[in-house]
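First the structure, in the form of structure tokens, and then the observations on it.
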Amino acid sequence: MRELPKVYDPASVEKKVYDMWQKGGYFKGVIDPEKKPFSIVMPPPNVTGQLHMGHALDATLQDILIRYKRMQGYAALWLPGTDHAGIATQIKVEEELRKNEGLTRYDLGREKFLDRVWDWKNKYGDRIVEQQKVLGASCDWDRSSFTMDETRAKSVRETFCELYEKGLIYKGSRIINWCPKCRTALSDAEVEYKDMPGFFWHIRYPIEDSDEEFIIATTRPETMLGDSGVAVHPDDERYAHLVGKNAILPLVGRKLPIVADDYVELGFGTGAVKMTPCHDPNDYEVGLRHGLEQILVIDEDAKIINGGKYNGMDRYEARKAIVADLEEQGYLVKVEPYNHNVGCCYRCGTVVEPLTSPQWFVKMKPLAEAAIEVVKDGRIKFVPERFTKTYMNWMENVHDWCISRQLWWGHRIPAWYCDDCGEITVSRTDACECAHCGSRNIRQEEDVLDTWFSSALWPFSTMGWPEKTPELDYWYPTSVMVTGYDIIFFWVARMIFSGMEQMKEEPFRTVFIHGLVRDSQGRKMSKSLGNGIDPLEMAEKYGADALRFNLITGNSPGNDMRFYVEKCEAMRNFCNKIWNASRFVMMNLTVGDCRLPEKLETEDKWILSKLNQVIKEVCDNMDSFELGIAAGKIYDFIWDSYCDWYIELTKPRLNGEDAAAKESAQRVLLYVLTEILKLLHPFMPFITEEIWQALPHEGEALMIAEYPRFRQELCFPEDEVNFEMVMEAIKAVRARRAEMNVPPSRKSHLIIVTGKAKAFAEGEKFICKLAYASGIHVTDKLPESTEGMVSVITDNARMFMPMAELVDLEKERARMEKELANAKKQLDGQNAKLANENFVSRAPEHVVNLEREKKAKLEALIENLEDSLKKLG
RNA sequence: GGAGAAUUAGCUCAGCUGGUUAGAGCGCUCGCCUCACACGCGAGAGGUCAACGGUUCGAGUCCGCUAUUCUCCACCA
């Protein structure tokens, strides 16, 4: 047995233990028909990513689940990987290029630029993987995937082609969200709405051949250049006679058909709305209904086109110029401040420009059907359940998904345009000729796919689909998907319909949703605020185990949590507690046998019974994804039951002369400690493994040991009750002594009057040690006189300590009287409850019995107190 | 506009399907360097569980309503 330091030092342990696991090959998912499969695919972090607290939480939850199941004998697979993260990565490399060489991607050209991105990926892409290892992630690293590697590229192409062939992917000119800074289209999910201050400009729109006019308000006057109509509500009597006529667009002079459409809300504003089909999603729809002209006036750089004298101006510059001109020409009626929601790019924050543009789309309605069904009928469950509603609400209202991106970094869309016949050829292999006319005059689509398109396939692409692999056969559908609620629309929803469409089977059985890790003030951790706490720094300082425990205790599924460094400290202290308890066990160990002894003492049965309960509670909570509760139970058991009580209880035997008793104590200590380490291992893998390795053990590693199970033969309810009577007495004596400021060094004799003499007699050595008694006398008769004695009363015993000099008769009387009054009050309540006919007849029997017992106890207490008061003289 | 969450001790949070005197960590008070651990041990103080109403023998827990805070979705030009 080697000497262990007094303070646990995670830094010297974690790396070593992790390497040992890896060398042992314990992370590998092995297909075993004898075992039940359990699989998790990891949400792939971005290759550009640095591990943040969110990742740490995500990884910890998954690692706990996978280690738990692995120890329970499942064939566990945790499949890791990384995401190419289209925009994020491209921006990162472009920035570097600009900073270091003053070049843009256009200077390099597509191919050379992509070479650079791959270089970058190869250089830095594994950084986050290494960081996950620091946390103890037990992934099958050999099966690691990248969303743009060869296999995944195949999955993407296959999916794209299948969907295209089914008519579920189409190309068309639609209104989309355009980010002028990233210069790409975005999906609806990638637009974030922010409340921004702005203005309402009220503009006069004259009506052709009439003296009448509309006053039309807009927050974006520059879009008027693209106006092609004016809409009013069909029931709006003020304007009914104008429908069918034309309004005249100020500054431009264009005729604008006046149409009636119930998109216009009665009673809001002036009731007349300018229609700019090319730059507003609602106007676009209205325009389609009424055949309004589509006039694109803002281009991909957010500059004006088709706008006469304003051409070339930036959209905000044009706004100013147009407002000035309107004012000058008398069209501007008034300006009022107005706050409104503005769509912004989720990557760069730039205000998104809605514009019509030819893009590729996934037709969502048909796909959504199966995705709704599979959640509705419970094949996929959300934990916590409330997120089902979030999901359903979104899925039932989906719009077609714009999947083309005008980027270079990503899966290039496998479509070729024919210069001769103009048709599109979509192909699984790179096409050399047009599938329609055979022309070799074809060009591949320049656009790439939305990153989320490849992520959507993750649960099966990582297992090698479209090949029919044994992995898919064995581990698909996966067991659990662990992810944050912020990503339900981006990812979870898309994995579900993709899985249903491509695999005809749900991608996972359970979606386990967690919340966000916020700072101590409840703010989101972000780069711009600079309030992020680095998980690696925490792991280095307090240990990965402490960090993990911090992240999962004291919060419930789906809820946000605040991160406190102080809590890391507390958890580090817990590690130290376990460490020292283990040191104690090892220091006292003379045998290498970790089986339980034949003969068990009452205190042994007590701790074993407790352990058994904890095992059951932990497993129950794990199975219902209440990891925080499970961890809390283990914490309490270790600290309170094992350390504060059981270890103390073994000391008399360990320090005694009886060799057999000594050995039995050692063996129970070791047995329970080993069970504790197993229980705790999924949560704190490093320290538990390190200690386990140092203890006598069977098997190679704790991480592949069998998880504790509830064992009927180790339930000792009677001994438990008996022993807890003794514990209760000890606590009561300690409390009384503390109240009177008696130092532990001052021992006192103890007279115990009880009907349970046996239990107390057996507990003598503990009472002496832990209640600082010099000796005890157990009897069923009250002493003749209790004068000069301090009395302590518990449910099962009345105890007296002869400490005459400490007893202030008056104080003692007052204390007892207070206690008596309190007990009487409680008894009154109890009597009232039991006198209630309704309660007795309607409450379940065990509840009524409980109340009766309580009443009996109170009565006994009152009797004892009255008696003691009398004896006090 | 729609949906959801939160409101429990000074702080941060648990408390699952209603059933003893509502728990933990940190902080605080008192006493202890007790032969594993001062990153510790023992003992405490501190809560009309946001307000109101309801269901029930019984409500922190279920229902309704109100208030405050937060989040998501939709987006009235």
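Throughout, protein chains are lettered first and strands after them, A, B, ... in sequence-line order, and every chain is numbered starting at 1. Computed from heavy atoms alone, side chains included, the values below leave out hydrogens, waters and symmetry copies. Since the structure is predicted, the reported quantities are computational estimates derived from the model, not experimental observations.
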How does protein contact run along nucleotides 31-46 of chain B, one letter per nucleotide 5' to 3', with B for base contact, S for sugar-phosphate only, - for none, heavy atoms under 4.0 Å? -----BBSBSSSSS--
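- By the salt bridge (Lys or Arg N to Asp or Glu O under 4.0 Å) test, A:R319 is found to be paired with A:E222, residues two or more places apart in sequence or in another chain being considered.
- For A:N559, a side-chain nitrogen or oxygen approaches OP1 or OP2 of B:A14 to under 4.0 Å.
- By the ring pair (Phe, Tyr, Trp, His ring centres under 6.0 Å) test, A:W645 is found to be paired with no residue, residues two or more places apart in sequence or in another chain being considered.
- Atom P of nucleotide B:U8 and atom CG of A:N555 are separated by 17 Å, given to the nearest angstrom.
- The separation of B:G42 from B:A50, taken at their P atoms, amounts to 32 Å, rounded to a whole angstrom.
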Grab the N/O contacts between the protein and nucleotides 17-22 of chain B below 3.5 Å, and write none if there aren't any.
residue	atom	partner	partner atom	Å
B:U20	O3'	A:K854	NZ	3.0
B:U21	OP1	A:K854	NZ	2.6

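- Between A:Y635 and A:V840, the residue anchored nearer the 5' end of RNA chain B, judged by the nucleotide with its closest heavy atom, is A:Y635.
- One finds the CD atom of A:Q830 at 4.5 Å from the CD atom of A:E851 (value rounded to the nearest 0.5 Å).
- For A:D236, the salt bridge (Lys or Arg N to Asp or Glu O under 4.0 Å) test picks out A:R238, with sequence neighbours left out.
- Under the 4.0 Å criterion applied to side-chain N and carboxylate O atoms, A:K731 and A:E728 are not assigned as salt-bridge partners.
- Taking atom P in both B:A51 and B:A67, the straight-line distance is 16 Å, to the nearest Å.
- A:L673 CG to A:I647 CD1: the interatomic distance, rounded to the nearest 0.5 Å, is 8.0 Å.
- Using a 4.0 Å heavy-atom cutoff across all strands shown, A:Y564 reaches sugar-phosphate atoms only and no base atom.
- Here the P atom of nucleotide B:A5 and the CD atom of A:E385 are 11 Å apart, to the nearest Å.
- Residue A:S556 is classed as a sugar-phosphate contact, given heavy-atom separations below 4.0 Å to backbone atoms only.
- A:Y193 comes within contact range of at least one nucleobase, with a heavy-atom separation under 4.0 Å.
- The separation of B:U66 from B:G27, taken at their P atoms, amounts to 42 Å, rounded to a whole angstrom.
- Note: CZ (A:F489) to C1' (B:U71) measures 11 Å, nearest angstrom.
- Among the protein residues, A:G632 comes within range of no part of the nucleic acid, since none of its heavy atoms lies under 4.0 Å from any strand.
- Residue-level contact check: A:E265 touches the bases, meaning some heavy atom is under 4.0 Å from a base atom.
- Using a 4.0 Å cut-off between charged nitrogen and carboxylate oxygen, A:E353 and A:R220 count as a salt-bridge pair.
- When the P atom of B:A5 is taken as reference, atom NZ of A:K389 falls 8 Å away, rounded to whole Å.
- For A:T270 (side chain) and A:I215 (main-chain N/O), a donor-acceptor pair under 3.5 Å exists by modelled atom type.
- Rounded to the nearest Å, the gap between the P atom of B:G18 and that of B:A59 is 13 Å.
- Taking the C1' atoms as reference points, B:C75 lies 22 Å from B:A5, given to the whole Å.
- The residue A:D280 sits apart from the nucleic acid: no heavy atom pair falls under 4.0 Å.
- Rounded to whole Å, atom C1' of B:G1 lies 18 Å from atom NE2 of A:H340.
- If you look at A:F625 and A:F512, their ring centroids are closer than 6.0 Å.
- As rounded to the nearest Å, B:G25 and B:C63 have P atoms that lie 31 Å from one another.
- Between A:F382 and the options A:Y391, A:F387, A:Y485, a ring pair (Phe, Tyr, Trp, His ring centres under 6.0 Å) holds for only A:Y391.
- Take the nearest nucleotide of RNA chain B for A:V273 and for A:A189: the residue whose nucleotide is more 5' is A:A189.
- In terms of polar N and O atoms assigned as donor or acceptor, the side chain of A:N393 never comes within less than 3.5 Å of the base of B:C73 in a complementary pairing.
- Looking at heavy-atom distances under 4.0 Å, A:Y391 makes no contact with the nucleic acid at all.
- If you measure from atom CG of A:D236 to atom P of B:A77, you get 18 Å, rounded to the nearest angstrom.
- Within the 4.0 angstrom heavy-atom criterion, only backbone atoms of the sugar-phosphate kind lie near A:N836; the bases stay farther away.
- As rounded to the nearest Å, B:C49 and B:G10 have P atoms that lie 13 Å from one another.
- Side chains of A:N550 and A:Y564: no donor on one and acceptor on the other come within 3.5 Å.
- Distance check on atom C1': B:C33 versus B:U69 gives 47 Å, rounded to whole Å.
- The pair A:D519-A:R562 does not meet the salt-bridge criterion, since no charged nitrogen lies less than 4.0 angstrom from a carboxylate oxygen.
- Base pairing in RNA chain B yields stems of at least 3 consecutive Watson-Crick or G-U pairs, both distances under 3.5 Å, namely B:1-7 with B:67-73, B:10-13 with B:23-26, B:28-32 with B:40-44, B:52-54 with B:62-64.
- The CD atom of A:E192 sits 12 Å away from the P atom of B:A74 (whole-angstrom rounding).
- The distance between atom CZ of A:R562 and atom P of B:G25, rounded to the nearest whole Å, is 20 Å.
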Passes side-chain contact (heavy atoms from CB on, under 4.5 Å), A:Y239 versus A:V230? Steps please. CA-CA 11 Å; A:Y239 304 129; A:V230 171; over 6 Å; no
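- Between the side chains of A:S556 and A:E626, no donor-acceptor pair is found at a separation under 3.5 Å.
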